[in-house]
Each structure stands twice: as structure tokens, then as C-alpha cells.
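See structure below.
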Amino acid sequence: MEKQIQELEELDKKHFIHPTSPIQQQQTDGPGYIFVKGEGIYLEDIRGKRVIDGMSSLWNVNIGHGREEIGKVAMDQMTRLAFNSCFSTYSNEPAIRLAAKLAEIAPGDLSATFFTSGGSESNDTAYKLARHYWILKGLPDKKKIITRTRSYHGVAMGATSATGLKPFRDFTNSLAPDFYYVDNFSSVALRELIEKEGAETIAAFVAEPVQGAGGVHIAPEQYFNEIREICDENHILFITDEVITGFGRTGTYFGIEHYGVVPDMMCFAKGVTSGYAQLGGVMMSRKMHQDFIELSTGTLLHGYTYSGHAMACSVALKNLEIIERENLIENAKQMGTEMLAGFKQLQSKHSIIGEVRALGLMGAIEIVKNQKTNEHFSTPLAPLIVSEAAKRGLVIRAVVFDNQDTIVFAPPLTINKEEIEQMMTILSDAFLAVEAAQNLTV
């Protein structure tokens, strides 16, 4: 077995360029884990080490790992019709059924879906459709896209350009034009930018209901109501990026439901299939869709090979059935409360824990040098705590962008109270280990 593992590690280093990973670390240490099995909230690697998947892998394995019925649905669909092109108005039943189901569960009058393969494609699609919409309406100058600081929208060219986390934009030296950024919690900043640039030049404002990769930042209570009003006043489309927050993650079907507003367009991916197949999409309001129907006279020249992929759509339908059948949205709400209570207990025991927050099963712990002043350490400690947690069987994630020192969490929606307590025990031990190593007072 050890010989096989060594062979895989060498092949990994030689041939596999990992996404969002340090290349030098991979070349020095090989792959961090080679996973071979998943079951519920757990992952197991090739050496038999079992860990809690405290991030649902990439915020997306909402129903947990190892669901045989998903595999059976995928196999059945693949043996009948794995894929057909949906160009030229060709269609398939799973795509039609899924689009109808999404219209049933989505907020407000969001009623029509353009399918993609994932979140980055969904965001790029939303920007293109928004700009094309204003072209159809005879307002081609409305092309600017406004997003927020600490936002993350993906790594395709448009999505990279929209992302408010500067290191992602600095990765390339030629961004897409006409993207602007405002303070992530200030509706006043949005209004000021609109006045400066001119509403007649702005196509859309884009926001995650809860900012995920940027550090799990939860908006003030009235923020999105104010944003909706500003967009309406200035004839600007309001687009929500629900790639992470959709399908139960925050304790509601979609994150924006916490705020009682409805966007004009909504991007989704990740939780729609819980990671069992690659799928995403963009929904638009009934009004927008009707405008497209009335004004679009030629071919809609935007589409991906796998838009409306039959097998992926079948998997999504079964995934949504499981979410509803097992009341996982309500469980996310309840276990989110338990998780936040666990964070607060840790906060009372460890002086380096600053603000803690959660909405459903999206949570964050900030690391500080001083709880009263929120002063940060000169070198972030979150990566060290994440490393210590991994040694003890818990996979979580550090966020150090934009001068942050934060640990983020997003366990599967199937997690129970006992498993939450297990997470907290591991976390406490990880904090103790780092505090001891850094000679910090507990």
C-alpha cells in the first residue's frame, strides 16, 4: 500500500496542477490528502485517516458524502441519456424539470434559468446577460458592474474582475473593464458611486447575501433593503450571488430570504447538486424574462457545452428531494445556532478569539491579539490553528485576505449536535496547541 501511495504522490506532483493551492508546497510535500471515501460529514484518506469535513469541501456538499441514491440516479440517467446539446432549442426532461423546480423554490418571481457548469460560469453569465438586457432595451451605455469589497465571485475572467478580494485580481495583469467596487456594508457608498459614474452607465450591482470566501461577513439587517431601493431608483439590476448561500446553507433555501428582498437575477451552483455533479445557473425575474422574450429577435449568443446537462440536472433534482425530505434547511438553522453557541463558549475560554458569527451553517471565528481592541497579530494565526485542527481530524479554512485573521466553517447540512460538539472539542485543542506554541496566555 505504501508503495502505491508514494507512486500517487509522485504522479500528483508531476502531472496535477491543483486549483487554489501553493505549487511549491505541493512540490515539497506532495498532496495534503488523497481522499478515497466520504460518508456523512466525514472524509477518509488513502491511509485510512478519517476527518470531519468542516467546510463541506468547498461549501458545497450540503447533503453530506456517500449518498448511494444520488449515484443510482446518475447511473440511470447516464445509461438512458447522459448528455445532449441544448443549443438550437434542443432540450431534455431533467433540465426542464429542474428549471421548473427552481422556479417553485426561488424567492419572489425568479422564474427562468440559464444553466451553466459552476459558479464562475454563472457569474460571468449574469454579467453578460445584464449587459445584453440593456442593449435590448436600447440603453447600451449601461454596462458597468458594481460589486463589494471582500467579495468573491469566481475565477473566470469576468468573475475575477468582479471579485473584491484584490489578490485574486492581482493574479492576472489584464482584467475585464467596467468593474467597480464599493464598501461591503455601506449603502451610502453605493449611492455615492452611482452619482459619480452616472446611473445611465451602470448595468448591475452584485452581492453575496453572506460573503463566503471573503471571511463569512453577514450584512447589517437593513442593508439589502436599502440596496434594493437604490437599484430600483436608478434602474440598475440587482444580482445576488447565491453560489455558496443557496440550497439551505444559511437556514433558508436561499440566503437573500433572510432580508425579505428579491433580486432581478440570482446566480447559483455548489449546493444545487451538493457537489455530486458539476452544475450552476442564473435565474432571472419573470419581468426580465418577458423582456427577453419580447425584445430578443435573433440567437442568444451565449451558451456552454454543458448547459442543461441531463445527468447533472437529474442529480440536482434528487439532491433537492433529499434536502426537502430530510428537512436539512431546518437542520441547518438549528445546528447553526448550536455552532454559534459553541463558538461563544470557545471565545470565553481563549483570549485570542475575537468576533464570532454564523448564519445557519456558515460561520467564522476571528483571531485577535486583544479582545477589547481587536488588534491583530503581526503574523496571522488562523493558518496555524487550521493546521492543528487538521492533525486532530477537522478540515476547516483560514482567510487572511484584506488584513484578516479568520477561520471559516461550513459543515454539511446533515451535521448533528454530537458532531458539532466533536468539532468544538477539536477546535479547542487546536487553539490550546497554538497558544502554547506561541507562548500566549489562555
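For reference, positions follow the sequence shown, starting with 1.
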Could you check whether Glu355 pairs with Arg357 (Lys NZ or Arg NE/NH1/NH2 to Asp/Glu carboxylate O, under 4.0 Å)? yes
Are Glu197 and Lys144 ion-paired here, with the side-chain N under 4.0 Å from a carboxylate O? yes
Member of Phe114, Phe292, Tyr127 meeting the ring-ring contact (aromatic ring centres under 6.0 Å, His included) criterion with His302: Phe114
Ser187 and side-chain hydrogen bond (donor to acceptor under 3.5 Å, both in side chains): which single residue from Glu192, Glu226, Gln222 fits? Glu226
Would you mind checking if Arg67 and Glu326 are paired as a salt bridge, meaning a charged N to carboxylate O distance below 4.0 Å? yes
If we check side-chain contact (heavy atoms from CB on, under 4.5 Å) with Met265, which of these qualifies: Leu110, Thr240, Ile239? Ile239
Looking only at atom types and distance, does a side-chain atom of Thr149 sit under 3.5 Å from a main-chain N or O of Gly164, one as donor and one as acceptor? no
Counting N and O atoms only, with roles assigned by atom type, does the side chain of Thr160 sit under 3.5 Å from a partner on the main chain of Val155, one being a donor and the other an acceptor? yes
Go through the side-chain N and O atoms of Glu418 and Gln422 and say whether any donor and acceptor fall under 3.5 Å apart. no
Atom pair OG1/CD1 of Thr113 and Ile96 - distance to nearest 0.5 Å: 12.5 Å
Check the pair Val182 / Phe205 against side-chain contact (heavy atoms from CB on, under 4.5 Å), numbers first and verdict last. CA-CA 10 Å; Val182 293; Phe205 174 75; 4.0 Å; yes
Any salt bridge linking Glu69 with Arg325? Criterion: basic side-chain nitrogen under 4.0 Å from a carboxylate oxygen. yes
Has Gln347 got more than 12 heavy atoms of other residues, nucleotides or ligands less than 6.0 Å from its CD? yes
Given Leu279, which partner from the list Asn319, Val315, Val272 fulfils the side-chain contact (heavy atoms from CB on, under 4.5 Å) test? Val272
Mark yes when over 12 heavy atoms from residues, nucleotides or ligands other than Tyr306 sit less than 6.0 Å from its OH; otherwise mark no. no
Would you indicate whether the side-chain heavy atoms of Ser151 and Leu165 approach each other to under 4.5 Å? no
What do the steps show when you test Ile244 against Tyr152 for side-chain contact (heavy atoms from CB on, under 4.5 Å), and what is the final call? CA-CA 10 Å; Ile244 287 175; Tyr152 177 81; 5.7 Å; no
Taking the side chain as C-beta and beyond, is there a heavy-atom pair between His258 and Thr250 under 4.5 Å? yes
Stepwise, does the ring pair (Phe, Tyr, Trp, His ring centres under 6.0 Å) test hold for Phe168 with Phe401? CA-CA 10 Å; Phe168 285 92; Phe401 307 118; 5.2 Å; yes
Just by modelled atom types, is the Gln404 backbone N or O under 3.5 Å from a matching donor or acceptor in the Asp402 side chain? no
Could you check whether atom CG of Asp170 has more than 12 heavy atoms from other residues, nucleotides or ligands sitting under 6.0 Å from it? yes
With the threshold set at 4.0 Å, does a side-chain nitrogen-carboxylate oxygen contact exist between Lys101 and Glu324? yes
Any luck finding a side-chain donor-acceptor pair between His376 and Asp405 under 3.5 Å? no
What do the steps show when you test Thr305 against Ser85 for side-chain contact (heavy atoms from CB on, under 4.5 Å), and what is the final call? CA-CA 7 Å; Thr305 297; Ser85 167; over 6 Å; no
I'd like to know if the side chain of Thr147 and the backbone of Ala162 have a donor-acceptor N/O pair within less than 3.5 Å. yes
Residues, nucleotides or ligands: over 12 heavy atoms within 6.0 Å of Ile293 CD1: yes
For the pair Glu388 and Arg392, find out whether any cationic side-chain nitrogen is under 4.0 Å from an anionic carboxylate oxygen. yes
Please determine whether side-chain hydrogen bond (donor to acceptor under 3.5 Å, both in side chains) holds for the pair Ser57 and Asp53, giving the CA-CA distance in whole Å, both sets of side-chain angles, and the decisive distance to 0.1 Å. CA-CA 6 Å; Ser57 288; Asp53 185 1; 2.9 Å; yes
Taken to the nearest 0.5 Å, the spacing of Met423 CE from Met335 CE works out to 12.0 Å
Look at Lys287 together with Asp291 and state whether they make a salt bridge at an N to O cut-off of under 4.0 Å. yes
Mind checking whether Val356 and Glu366 have side chains closer than 4.5 Å, heavy atoms only? no
Please walk me through it: do Ser428 and His350 pass side-chain hydrogen bond (donor to acceptor under 3.5 Å, both in side chains)? CA-CA 8 Å; Ser428 186; His350 300 277; 3.2 Å; yes
Rounded at 0.5 Å granularity, tell me how far OH in Tyr133 sits from OG in Ser296. 12.5 Å
With rounding to the nearest 0.5 Å, note down the distance linking CG in Leu427 to CD1 in Ile365. 5.5 Å
Set out, in order, the CA-CA distance, both residues' side-chain angles and the distance that settles side-chain contact (heavy atoms from CB on, under 4.5 Å) for Trp134 and Leu237, then state yes or no. CA-CA 10 Å; Trp134 291 118; Leu237 298 175; 3.8 Å; yes
Do Leu193 and Ile146 make a side-chain contact, defined as non-hydrogen atoms from C-beta onward lying under 4.5 Å apart? yes
Kindly compute the distance separating CG (Leu381) from CD1 (Ile367), expressed to the nearest 0.5 Å. 7.0 Å
Does Pro411 offer a backbone N or O that forms a donor-acceptor pair with the side chain of Ser56 under 3.5 Å? yes
Is Thr201 reaching over with its side chain to a backbone N or O of Ala199, donor-acceptor style, under 3.5 angstrom? no
Salt bridge Arg148-Glu208, side-chain N to carboxylate O under 4.0 Å: no
Strictly by modelled atom types, are Glu242 and Thr245 linked by a side-chain donor-acceptor pair under 3.5 Å? yes
Atom pair CG/CD1 of Leu190 and Ile227 - distance to nearest 0.5 Å: 4.5 Å
Would you check, one step at a time, whether the test side-chain hydrogen bond (donor to acceptor under 3.5 Å, both in side chains) holds for Asn184 with His217? CA-CA 9 Å; Asn184 61 331; His217 296 288; 4.9 Å; no
Does the Ser387 side chain pair with the main chain of Pro383, one donor and one acceptor, at a distance under 3.5 Å? no
Asn331 side chain to Ile329 main-chain N or O, any donor-acceptor pair under 3.5 Å? no
Closer than 3.5 angstrom, by distance alone: can the side chain of Ser274 be matched with the main-chain N or O of Val61 as a donor-acceptor pair? no
Considering residues, nucleotides and ligands other than Phe87, do more than 12 of their heavy atoms fall under 6.0 Å from its CZ? yes
Where do Gln334 and Glu338 land on the side-chain hydrogen bond (donor to acceptor under 3.5 Å, both in side chains) test, with the steps shown first? CA-CA 7 Å; Gln334 293 177 5; Glu338 294 288 340; over 6 Å; no
Polar side-chain atom of Ser161 near backbone of Ala176 as donor-acceptor pair, under 3.5 Å: yes
Test side-chain hydrogen bond (donor to acceptor under 3.5 Å, both in side chains), reference Tyr304, set Thr125, Asp124, Thr116, output is Thr125
Do the side chains of Asp264 and Arg228 get close enough for a salt bridge, i.e. N-O under 4.0 angstrom? yes
